[in-house]
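Before any comments, here is the structure.
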Amino acid sequence: MYRLLIVDNNAGRLEKTKALLDWSVYGISSIITAASYVEAVDKAMDLNPHVALVNIQLDEHKGYELAAHLRSVGLKTVFCMISDNNDPDLIRESMRSGAQDYLLSPLEPKEVHAFLERVVVNNLNGTLPESGSGKSEIDPVLGVEYASLSKITNKIILVVHSDYRSPQTLTTIAENLNMSSKYIGRVFLKDTGIKFSEYLMSYRMLEAKKLIVNTQEKISVIANMVGYVQLNNFYIHFKNYFGVSPSALRNFEPLHEPADPNAM
């Protein structure tokens, strides 16, 4: 049903990406590969892929240049940039080009899985894939199965997960869903026990923790990467959520469990 474009000038890495998942689970029936910027443009123009996984480095070009070019000529392809570099400038340029996600290599199957779920539901108006393991996925903030939440709440959560780096409001999401912000806010609160703003903050904290633990980026850079303009606000939210400062976490001090979201 859907066509996937994978672009990488490293042949071994390209093959690993191609074999990463059972793409048919997501309704992907055709996989297109390209080893260069020019080849990717030619194949994309001919085959009009629905989704593209693009390495950020394509010889003299950048992956986000490919995304910007293809979108400028009218393609509706949903792009995800792949990089081994967590440079905030690369992330910003990728988002400006229209990319919906930026994943670090080597790729984690669960992160690509989450990206594809968001694309299928939000962009392609499809349905979420069935889990072959028989286990429902658990939301990292709420600790409950997505299957236990309403469709509206799941859509809101998918939007947060796909665009938490950008400013988000319930009003904007409601407009995109053609619904009242008050209505979807009530539904979200009833389903989750917390407000939308609290969920967004919590998800950003969890993403920040992963970056602090797994990268050597400055705390100020990480704050910006997860959507914070004011560094002081980031420090306050992080300390309140985890009970420890970002710097202490990086220095391997004991990490407390986050506060119960229902108690916020």
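Just so it is clear, the structure is predicted and the values come from calculations on it, not from any experiment.
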Sub-4.5 Å side-chain heavy-atom contact between K43 and P49: no
Closest contact, heavy atoms only, A34 versus L5: CB-CD1, 4.4 Å
Rounded distance (nearest 0.5 Å) linking atom NZ of K151 with atom CG of N154: 10.0 Å
Main-chain N/O of H61 paired with E65 side-chain donor or acceptor, under 3.5 Å: no
Beyond-backbone contact of Q100 with N122, side-chain heavy atoms, under 4.5 angstrom: no
Geometric class of the F234/Y228 ring pair [parallel <30°, tilted 30-60°, perpendicular >60°]: perpendicular
Side-chain touch I219/F238, heavy atoms, less than 4.5 angstrom: no
Contact check, side chains of V119 and Y26, non-hydrogen atoms, under 4.5 Å: no
Cluster overlap L211 with V229, hydrophobic side-chain contacts below 4.5 Å: no
side-chain contact (heavy atoms from CB on, under 4.5 Å) between R165 and Y102, worked out: CA-CA 11 Å; R165 299 180 182 95; Y102 186 101; 4.3 Å; yes
Atom CD of E60 with >12 non-hydrogen neighbours under 6.0 angstrom: yes
Carboxylate-amine/guanidinium contact E207 R204, below 4.0 Å: no
Minimum-distance pair of heavy atoms, taken over all atoms of V141 and S202: CG1-CB, 3.6 Å
Side-chain heavy atoms of L21 within contact of L116, under 4.5 Å: yes
Y64 side chain reached by R96 side chain, heavy atoms, under 4.5 Å: no
D89/R92 ion pair, N-O < 4.0 Å: yes
Shortest non-hydrogen separation from S150 to D191 and the atoms involved: OG-OD2, 2.6 Å
For K155, the option from N176, V121, L149, I184 that meets side chain to side chain contact (heavy atoms under 4.5 Å, CB included): V121
Full working for side-chain hydrogen bond (donor to acceptor under 3.5 Å, both in side chains) between Y37 and H69: CA-CA 10 Å; Y37 179 94; H69 174 67; 4.5 Å; no
Minimum heavy-atom distance V159-Q168, with the two atoms named: O-NE2, 3.6 Å
side-chain contact (heavy atoms from CB on, under 4.5 Å) evaluation trace for L66 with V41: CA-CA 7 Å; L66 174 66; V41 170; 3.6 Å; yes
Co-membership, hydrophobic cluster, residues L189 and L177, 4.5 Å side-chain: no
K195 atom NZ, neighbour heavy-atom count above 12 within 6.0 Å: no
R250 (side chain) donor-acceptor with I212 (main chain) under 3.5 angstrom: yes
Audit row: H161, R118, side-chain contact (heavy atoms from CB on, under 4.5 Å) steps and yes/no: CA-CA 8 Å; H161 290 192; R118 296 192 295 268; 3.8 Å; yes
Minimum heavy-atom distance L4-L53, with the two atoms named: CD1-CG, 4.1 Å
Nearest non-hydrogen partners of A99 and M95, listed with the distance: O-SD, 3.5 Å
N/O donor-acceptor pair under 3.5 Å between R13 side chain and D8 backbone: no
Parallel, tilted or perpendicular: rings of F188 and Y199 (30°, 60°): perpendicular
Verify same cluster id: M205, L231 (apolar side-chain graph, 4.5 Å): yes
Beyond-backbone contact of F242 with L206, side-chain heavy atoms, under 4.5 angstrom: yes
Trace of the side-chain contact (heavy atoms from CB on, under 4.5 Å) decision for V112 with L107: CA-CA 7 Å; V112 179; L107 288 173; 4.1 Å; yes
Any L75 side-chain heavy atom under 4.5 Å of M45 side chain: yes
Joint hydrophobic cluster, L104 plus V213, side-chain heavy atoms closer than 4.5 Å: yes
